[in-house]
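Chain identifiers are assigned alphabetically (A, B, ...) following the order of the sequence lines, protein sequences preceding nucleic acid strands; residue numbering begins at 1 within each chain. These values consider heavy atoms only, across backbone and side chains, with no hydrogens, waters or symmetry-generated copies.
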There are 2 protein chains.
Amino acid sequence: MGGVRLQDVAELAGVSMKTVSNVVRDYPHVSPRMREKVQRAIDTLGYKPNMMGRRLATGKTGLIALAFADVGIPYFAELARVVSRAAETLGYRVLLEETDATLEGERALVATSEAGLVDGMLFQPSVMGSTEIARHRSDLPLVLLGETAAPLTMDRVMIDNVAAADEITSHLLASGRRRIGFAGHELNGLSETSRQRIAGYQQALERAGIAPDPTLLIPSAAISAAGAVEAVGGAIDAGLGFDALVCRDDLAAIGALRALQERGIGVPTDVEVTGWDDIRLSAVTFPSLTTVSPDLDALAATALRLLIERMTGFDGTGRHEIVAHRIVVRESAPGPVAVH
Amino acid sequence: MGGVRLQDVAELAGVSMKTVSNVVRDYPHVSPRMREKVQRAIDTLGYKPNMMGRRLATGKTGLIALAFADVGIPYFAELARVVSRAAETLGYRVLLEETDATLEGERALVATSEAGLVDGMLFQPSVMGSTEIARHRSDLPLVLLGETAAPLTMDRVMIDNVAAADEITSHLLASGRRRIGFAGHELNGLSETSRQRIAGYQQALERAGIAPDPTLLIPSAAISAAGAVEAVGGAIDAGLGFDALVCRDDLAAIGALRALQERGIGVPTDVEVTGWDDIRLSAVTFPSLTTVSPDLDALAATALRLLIERMTGFDGTGRHEIVAHRIVVRESAPGPVAVH
DNA sequence: ATGAAAGCGCTAACAC
DNA sequence: GTGTTAGCGCTTTCAT
């Protein structure tokens, strides 16, 4: 059952390996009789094509790597799911690679000493800068995910973070909120992601004629929900006053929710809160989260399209694609109250 | 840079392929001079060994598949992370396979028409029964994860669900709760997971002299947080009274939390709630969740050990291993109040 | 439409 | 210690 080779099938069926191969791969020009005879031999032997052999011969592995910090983070897990499903329909399997959001991990990834394991890679860098990624100059087709500064030579897919941050901040402004904070960005070494979201947040405030107040920027020692609980809780205890919070991501928003609730501050009555990513759980927190929802399906589809183009020979300069996002309004920031 | 072959290195260095191969694989018996000469050739050519070639020759792929329903579910995502890290230290990479918790998806998985892509598989079935898994009779080394009824021929790793459910229910009883419900199991087609957890829950109640009340079993149309919001909310609205809820998993607990809070019912004051899995977010919900915490590291390590034994020839009957769990006490069910 | 033979890049016996 | 020679299982020209 296990070690059945193409050869064995050919012998049983009394045909050449070529013919068996043709049948296995559904090659059109095979006579029905042949096909049936070969198929019978395949069935009786329980033959299963050996991928490694095929892959060595074709030079294609059918595998793509999906690399990011940590699949335990809901956004990445949900991204992995979408990518994995999209890849499947295109005939690819996904190999998971985690970098732990460390420079070391990301370097190991791009400098990997082995070749030919995967046909291409989707990579969302956490810390690596544009220059270092560019220097990489590997032969492995690569598409970048997310807003990390991308070298001009590489393809990249992201949503418009500045615009989205502007929109969600404007949503808060429309509800009459005026002291709007931003929470959950890095304490030091601001990521490009945080930078762009803060830029959009400031842009909305300024357009509304509000001077951004730097004390309303609440960084987090750890980029996690627990980190946000600490940060936001600490800020409140230190006397910081605000009536809304734009959080860097849904985990930070969940942390902020807890920090507020621990202190008996009502959400959204006293403080409105928004998240980012629209992870599944953001719909069932209490209150549920108003958040930026990236079009993950489009993100995955676009990234895979670009990658496959690279894998099949495209060699132009980097394409930078923007996919859609929308603001999902839920309880934590319900928007202007309807007039009754 | 891309198409450098072992052969090319050998020619440049003026040695045989065997020698180059020895150097690449750190074979001990190579003279230092040779090694250095070859290494120089490797560097100038930028040679990277082609995995497919090596794998075809050795018959090993270095890949293991990790299969479960949906990586978008936090428990699975966190499991994937732990398995992926553990596998890495053992020299394996992880290929993600999702079944969408459908029979169809699980069948496709075990009946996969290709062979040799992965050396082995870790599989947590959702719907497939013991008999069907056994019938599979594949040549692929396989270790089952979780409490699905496992055929005697197969290895399996799980925690003691009955014991854990008993413990966490007893924890509630120790706080003086008497009308304890169970929530979040399947509406029809009870999974083995739910069955065992309910068994442990009933066992604890009976030992405490409480007759299990079937109306306190609150099934969920969808096994998700949103499903639990509906189910628990509906039960409350229908007039069901209880002072504690053992939830099938953390997502159900999060849903229960929301359903209770929506109705102004205090947790843990009015109703205590417990979860299962100890997903990262269970520590930052408000209130945070008392939950069953499986030893994921041990689970992954054990599963990989069993799998590697199978891959390297072990052919005995199925081993069924139990790994540790503990009850993590948090705010949603704080336990007996300390006497001041 | 089918067959024969030459690789794909590497490792593993077995000689030297 | 190092080189030679076969394969690993499959696909793919090139004939027929």
Test salt bridge (Lys or Arg N to Asp or Glu O under 4.0 Å) applied to Asp139(A) and Lys48(B), step by step:
CA-CA 11 Å; Asp139(A) 36 339; Lys48(B) 315 221 165 175; 5.5 Å; no

Nearest-nucleotide 5' precedence on DNA chain D, Ser16(B) against Asn22(A)
Ser16(B)

Rounded to whole angstroms, how far apart are NE2 on His29(A) and C1' on dT16(D)?
17 Å

Tyr27(B) OH to dG3(D) C1', straight-line distance once rounded to whole Å:
13 Å

Taking ring-ring contact (aromatic ring centres under 6.0 Å, His included) as the definition, give me every residue that meets it alongside Phe68(A), ordered by chain and number, with sequence neighbours left out.
Phe76(A)

How does each nucleotide of nucleotides 6-16 of chain C score, in 5' to 3' order, for protein heavy atoms under 4.0 Å: base (B), sugar-phosphate only (S), or none (-)?
-BBBBBBB---

For residues 30-37 of chain B, which residues have at least one heavy atom under 4.0 Å from DNA chain D?
Val30(B), Ser31(B), Met34(B)

When you compare the side chains of Thr302(A) and Glu321(A), does any donor N or O come within less than 3.5 Å of an acceptor on the partner?
no

What pairs with Arg35(A) under side-chain hydrogen bond (donor to acceptor under 3.5 Å, both in side chains), at least two apart in sequence or on another chain?
none

Go through the structure and list residues passing side-chain hydrogen bond (donor to acceptor under 3.5 Å, both in side chains) with Asp277(A), not counting sequence neighbours.
none

I'd like to check the side-chain hydrogen bond (donor to acceptor under 3.5 Å, both in side chains) partners of Glu97(B); sequence neighbours left out, ordered by chain and number.
Arg93(A)

Salt bridge check, Glu132(B) against Arg107(B): does any charged N sit closer than 4.0 Å to a carboxylate O?
yes

Consider only side-chain N and O atoms of Gln124(A) and Thr148(A), and report whether a donor and an acceptor are under 3.5 Å apart.
no

